[in-house]
Q: 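Pasting a structure here, questions to come.
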Number of protein chains: 2
Amino acid sequence: MRPTARKIASVLTQKGYKLTAQRRAVIDVVVSSSEHLAPAALYERVRRTHPAIGLVTVYRTLEMLSELGLICRVHRGGKSRSYTLALLGHHHHLVCSRCGTVADFTGCDLEELQQRLSQDTGFKIEGHLLQFVGDCRNCQGVT
Amino acid sequence: MRPTARKIASVLTQKGYKLTAQRRAVIDVVVSSSEHLAPAALYERVRRTHPAIGLVTVYRTLEMLSELGLICRVHRGGKSRSYTLALLGHHHHLVCSRCGTVADFTGCDLEELQQRLSQDTGFKIEGHLLQFVGDCRNCQGVT
DNA sequence: CTGGTAAATGAAAATCCTTTTCAGTTAGAT
DNA sequence: ATCTAACTGAAAAGGATTTTCATTTACCAG
């Protein structure tokens with residue numbers, strides 16, 4: 001289930017955040033992108049419709065949306081961070097190593113493993129990060 | 001199975017890399033550390049025995065060891081990268097969010113999930129990243 | 001045991017990405 | 001319409017990482 005821009009906006013106001021033109025613009029881009037986006041790339045796209053926006057605002061908005069759980073961070077090799085729209089509920093990513101397309105999936109079924117690890121190591125486990133990397137359908141033919 | 005410094009050194013020479021004093025020093029620190037280490041932290045430790053080494057060399061050596069699969073990168077929140085000795089074979093990490101201690105584990109059993117995802121999405125999956133985050137035994141009492 | 005040579009090193013500078021600061025602006029409650 | 005805390009953008013600061021380049025060094029050949 002992909003949330004709509006409207007839905008995200010309403011979460012913001014409910015939480016007491018102001019709904020500025022800049023935030024709307026960032027949200028619109030996030031909602032309409034199927035790939036994950038680094039702050040800089042997102043900034044470029046937002047600028048098409050909102051040329052006066054500052055990169056800093058993009059950073060701040062992404063940070064805020066991320067804390068609210070509305071978008072989530074994608075972990076790539078390590079260079080720059082990226083974000084993608086959060087699906088409702090627990091999910092993970094499948095990232096294309098060539099074009100960066102992100103597919104989400106649910107049903108990781110790691111509870112059992114987590115419990116085993118907790119017992120074995122004494123860790124109090126708070127979360128996990130699971131991500132598959134590969135080539136998406138479109139990129140498989142490409143050299 | 002933890003590889004020894006000797007073992008790692010021999011891989012380097014086999015691959016045609018020169019075995020310099022600096023590289024030996026970096027390898028020694030990596031092998032003798034149970035935690036994962038960020039380049040800067042590793043640099044500090046290496047300097048104890050090899051004060052003239054440059055941070056750049058540490059970066060370059062880590063990059064090289066990582067490409068050879070002798071160490072592997074640990075993904076934290078996102079700030080700085082870290083590396084830890086690669087165990088032989090397939091394994092994953094359990095990272096303490098407070099002190100950074102890394103425990104390894106094997107047996108992630110994701111083949112089935114991977115196959116399902118491949119079919120559903122058309123991705124040609126090449127690898128995955130699985131990591132649990134939590135508080136290790138020592139850090140659980142701490143405020 | 002010498003060279004000779006390509007590879008490796010260290011210091012400084014350059015790049016990136018991200019965060020902080022601060023003065024000016026604005027959304028939304030009253 | 002007014003007020004105020006929240007928000008914004010520009011610039012500066014901060015950090016991590018990479019590049020550049022002159023110098024040094026490991027190690028192969030002789």
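Residue numbers start from 1 in every chain, and the chains themselves are labelled A, B, ... in the order their sequence lines are given, proteins ahead of strands. Computed from a prediction, not measured in an experiment: that's the story for all the values here.
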Q: From C-beta outward on B:Val56, which listed nucleotide comes closest to its side chain: D:dA16, D:dG9, C:dA11?
A: C:dA11
Q: Tell me, do A:Glu63 and A:Arg60 make a side-chain contact under 4.5 Å, heavy atoms counted?
A: no
Q: Do A:Val56 and A:Tyr17 share a hydrophobic cluster (ILVMFWY, side-chain heavy atoms under 4.5 Å, transitive)?
A: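 Unlinked, A:Val56 and A:Tyr17 end up in two clusters.
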Q: In whole angstrom, what separates B:Leu55's CG from C:dA8's C1'?
A: 16 Å
Q: Please give, in whole Å, the distance from D:dT17 P to B:Leu62 CG?
A: 10 Å
Q: A:Arg45 versus A:Ser32: any side-chain heavy-atom pair under 4.5 Å?
A: no
Q: Under the rule for salt bridge (charged side-chain N to carboxylate O under 4.0 Å, His left out), what residues qualify as partners of A:Arg116, not counting sequence neighbours?
A: A:Asp120
Q: Is there a side-chain contact between B:Val26 and B:Ile53 in this structure, where contact means two heavy atoms from C-beta onward sitting under 4.5 Å apart?
A: yes
Q: Under 4.0 Å between a side-chain N/O of B:Thr57 and OP1 or OP2 of C:dT9, yes or no?
A: no
Q: Going by number, which of residues 42-51 of chain A have a non-hydrogen atom under 4.0 Å from DNA chain C?
A: none
Q: Go through residues 9-25 of chain A and report each residue with a non-hydrogen atom lying under 4.0 Å from DNA chain C, sorted by number.
A: A:Lys18, A:Leu19
Q: So what does B:Ala40 touch, heavy atoms closer than 4.0 Å: a base, only the sugar-phosphate, or nothing?
A: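 If one applies the 4.0 Å heavy-atom cut-off, B:Ala40 turns out to touch nothing in the nucleic acid.
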Q: Could you please name the option among D:dT17, D:dA10, C:dG10 that lies closest to any side-chain atom of B:Ile53?
A: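 That would be C:dG10.
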Q: Any idea which heavy atoms bring B:Thr121 and A:Arg137 closest together, and the distance?
A: O-NH2, 3.4 Å
Q: Any protein N or O atoms within reach of nucleotides 22-24 of chain C? Criterion: under 3.5 Å, listing atom names and distances.
A:
none

Q: What I'd like to find out is whether the side chain of B:Arg23 reaches to under 4.5 Å of the side chain of B:Met64, using heavy atoms alone.
A: yes
Q: What's the OH-P distance between A:Tyr59 and D:dA12, to the nearest Å?
A: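 The distance from OH of A:Tyr59 to P of D:dA12 comes to 18 Å, rounded to the nearest Å.
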Q: For B:Ser118, check side-chain contact (heavy atoms from CB on, under 4.5 Å) against everything at least two apart and list the hits.
A: B:Ile125
Q: So B:Leu68 and B:Ile8, do their side chains get closer than 4.5 Å, heavy atoms only?
A: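 Counting from C-beta outward, B:Ile8 and B:Leu68 never come under 4.5 Å.
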Q: B:Phe132 versus A:Leu117: any side-chain heavy-atom pair under 4.5 Å?
A: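 Heavy-atom side-chain distance check passes, below 4.5 Å.
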Q: Would you call B:Val29 and B:Thr49 a side-chain contact if the rule is heavy atoms closer than 4.5 Å?
A: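 Heavy-atom side-chain distance check fails, nothing below 4.5 Å.
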Q: Whole-Å distance between C:dC17 P and A:Arg73 CZ?
A: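 After rounding, the reported distance stands at 14 Å.
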Q: Using a 3.5 Å distance criterion without hydrogens, assess whether the side chain of A:Arg73 forms a donor-acceptor pair with backbone atoms of A:Arg81.
A: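 Looks like no, no N/O pair under 3.5 Å.
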Q: Hey, does A:Phe105 have a side-chain heavy atom less than 4.5 Å from the side chain of B:Leu113?
A: yes
Q: For C:dT18, does OP1 or OP2 lie under 4.0 Å from any side-chain N or O of A:Arg81?
A: yes
Q: Please round to 10 degrees the angle between the axis of the first five pairs and the axis of the last five pairs in the helix from C:dC1-D:dG30 to C:dT30-D:dA1.
A: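 Computed from the C1' atoms at both ends, the axes differ by 40°.
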Q: Between A:Val11 and A:Leu70, what is the shortest heavy-atom contact and its length?
A: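 Minimum heavy-atom separation between A:Val11 and A:Leu70: CG1-CD1, 4.0 Å.
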